[in-house]
A.B. asks: 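I have a structure here, written as structure tokens, and I will follow up with some questions on it.
Note that the structure is a prediction, hence the values are computed from the model and not measured.
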Amino acid sequence: MTLLADPADVPEWMATLVKASAQIDASVFSRMTAPASATARAAAVLMLFGEGNDGPDVLLLRRADTLGSHPGQVAFPGGAADPTDDGPVDTALREAREETGVLPEGVRPLVVLPDLFVPVSSFLVSPVLAHWREPCPVEPVDPAETAAVARVPIAHLADPANRFLVGHPSGYVGPAFSAPGMLVWGFTAGLLNGLISLGGWERPWDGTDVRDLDLALRAT
């Protein structure tokens, strides 16, 4: 974990999340036990929290169905590091701009969380928590990469009616969130699950509600 800003110098609604994020390890966000291999590729995601008409929100995107890695999945803006990037913050901001049009000058990076390994794509991901102090219009920059972009209210994600677990025949069972036109699951849902808890936004929900992943995807 790398603290980039004073936790006291953030909006009140985000202060609890920043303070808690500065003290955690990777186990809060992931149950993955597979170690990062020597061939793991460095990557970063931008967990960008702002405040809109419906209160605090987080920026999410839906990846294009034609992509070779995680097609059609809902994700935070982000991707693989380029040799010219100056660390994970630079990677996360560059990718967010390329995918959604976020202007880096309006973003205040706050914490770089512990790296998480994603075995499916062999990425070693650095999650970057940031405050969107000067929001700007966002949209898919390249439809070949990004199918949709949305600012999803935290209140919607924390609503027990929009939270459940999804299961796959492979044995995978993990958290999921229903958002307008989107099903958030997998790596991104695991991060959101931890962030909502750390931020003090969690409400009691039915952790025994396990739904078939394919059926849940078709219901969005």
Side-chain angles (χ1 to χ4, degrees), residues 1-24 29 42-63 73-116 123-142 145-157 179 182 184 187-192 194-196 198-201:
M1 180 280 302
T2 303
L3 185 63
L4 304 173
D6 185 348
D9 192 22
V10 295
E12 183 177 354
W13 58 265
M14 200 175 179
T16 298
L17 173 60
V18 176
K19 291 177 183 177
S21 297
Q23 302 172 21
I24 53 88
F29 295 99
V45 294
L46 185 67
M47 304 183 301
L48 184 57
F49 286 78
E51 190 165 13
N53 294 332
D54 297 314
D57 57 32
V58 63
L59 182 66
L60 298 174
L61 60 83
R62 185 165 61 81
R63 295 167 60 81
Q73 289 192 18
V74 176
F76 293 107
D82 279 353
T84 57
D85 290 341
D86 185 18
V89 172
D90 200 30
T91 298
L93 291 174
R94 174 184 55 76
E95 286 283 343
R97 182 165 194 167
E98 291 176 357
E99 293 174 334
T100 70
V102 165
L103 298 177
E105 55 267 30
V107 175
R108 185 185 185 199
L110 300 170
V111 183
V112 179
L113 299 170
D115 291 342
L116 299 172
F123 276 123
L124 189 61
V125 181
S126 299
V128 178
L129 177 64
H131 174 222
W132 205 358
R133 60 184 180 187
E134 296 179 16
C136 64
V138 288
E139 63 181 358
V141 174
D142 182 356
E145 289 193 8
T146 307
V149 177
R151 295 180 63 174
V152 183
I154 300 303
H156 179 94
L157 295 170
M182 297 180 174
V184 190
F187 178 78
T188 304
L191 282 174
L192 278 175
L195 292 170
I196 288 173
L198 290 173
W201 300 309

A.B. asks: Nearest 0.5 Å, what's the CG-CG distance between D90 and D82?
C.D. replies: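 Rounded to the nearest 0.5 Å, the CG-CG separation comes to 9.0 Å.
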A.B. asks: How long is the gap from CG on L60 to OG1 on T100, to the nearest 0.5 Å?
C.D. replies: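 With rounding to 0.5 Å, CG (L60) is 11.0 Å from OG1 (T100).
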A.B. asks: Which heavy-atom pair separates E139 from V149 by the least distance, and what is that distance?
C.D. replies: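 Answer, listing the atom of E139 first, then V149: C-CG2, 3.7 Å.
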A.B. asks: Would you call L17 and W201 a side-chain contact if the rule is heavy atoms closer than 4.5 Å?
C.D. replies: yes
A.B. asks: Between the main-chain N or O of V45 and the side-chain N or O of E95, is there a donor-acceptor pair closer than 3.5 Å?
C.D. replies: no
A.B. asks: When rounded to the nearest 0.5 angstrom, what is the spacing between CG in L103 and CG in L93?
C.D. replies: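 Answer for the CG-CG pair, L103 versus L93, is 11.0 Å.
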A.B. asks: With rounding to the nearest 0.5 Å, note down the distance linking CG in L191 to CG in L113.
C.D. replies: 8.0 Å
A.B. asks: Around atom CG of D142, are there more than 12 heavy atoms of other residues, nucleotides or ligands at under 6.0 Å?
C.D. replies: yes
A.B. asks: For F76, run the side chain to side chain contact (heavy atoms under 4.5 Å, CB included) check against T188, L59, L46 and tell me which one passes.
C.D. replies: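 Between F76 and the candidates, side chain to side chain contact (heavy atoms under 4.5 Å, CB included) is satisfied uniquely by T188.
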A.B. asks: To the nearest 0.5 Å, how far apart are CZ in F49 and CG in L195?
C.D. replies: 4.5 Å
A.B. asks: Can you tell me how far apart CD1 (I24) and CG (L198) are? Round to the nearest 0.5 Å.
C.D. replies: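 Rounded to the nearest 0.5 Å, the CD1-CG separation comes to 6.5 Å.
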A.B. asks: Where do A43 and A80 come nearest, in terms of heavy atoms and distance?
C.D. replies: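 For A43 versus A80, the nearest heavy atoms are CB-CA, 3.9 Å.
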A.B. asks: For V125 and F187, run side-chain contact (heavy atoms from CB on, under 4.5 Å): C-alpha distance rounded to whole Å, both residues' side-chain angles, the deciding distance at 0.1 Å, then the answer.
C.D. replies: CA-CA 10 Å; V125 181; F187 178 78; 3.9 Å; yes
A.B. asks: Looking at D57 and E51, what are the two nearest heavy atoms and their distance?
C.D. replies: OD1-N, 4.0 Å
A.B. asks: Got H131 and P11 here, is their nearest side-chain heavy-atom distance under 4.5 Å?
C.D. replies: yes
A.B. asks: Would you mind reporting whether E134 and E105 have side-chain heavy atoms less than 4.5 Å apart?
C.D. replies: no
A.B. asks: Where is the tightest heavy-atom contact between P77 and E99, given as atom of each residue plus distance?
C.D. replies: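 Reported closest heavy-atom pair: CA-OE1, 3.2 Å.
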A.B. asks: Below 4.5 Å, heavy atoms only, C-beta onward: do R94 and T84 meet side chain to side chain?
C.D. replies: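 Not touching, per the 4.5 Å side-chain cut-off.
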A.B. asks: I'd like to know whether D9 forms a side-chain contact (heavy atoms from CB on, under 4.5 Å) with R108, so could you lay out the CA-CA distance, the side-chain angles of the two residues, the decisive distance to 0.1 Å, and finally the verdict.
C.D. replies: CA-CA 11 Å; D9 192 22; R108 185 185 185 199; 3.2 Å; yes
A.B. asks: For residues P88 and A44, report the shortest heavy-atom separation together with the two atoms involved.
C.D. replies: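 What the structure gives for the nearest pair is O-CB, 3.4 Å.
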A.B. asks: Could you tell me which non-hydrogen atom of E98 sits nearest to which non-hydrogen atom of V141, and how far apart they are?
C.D. replies: O-CB, 3.1 Å
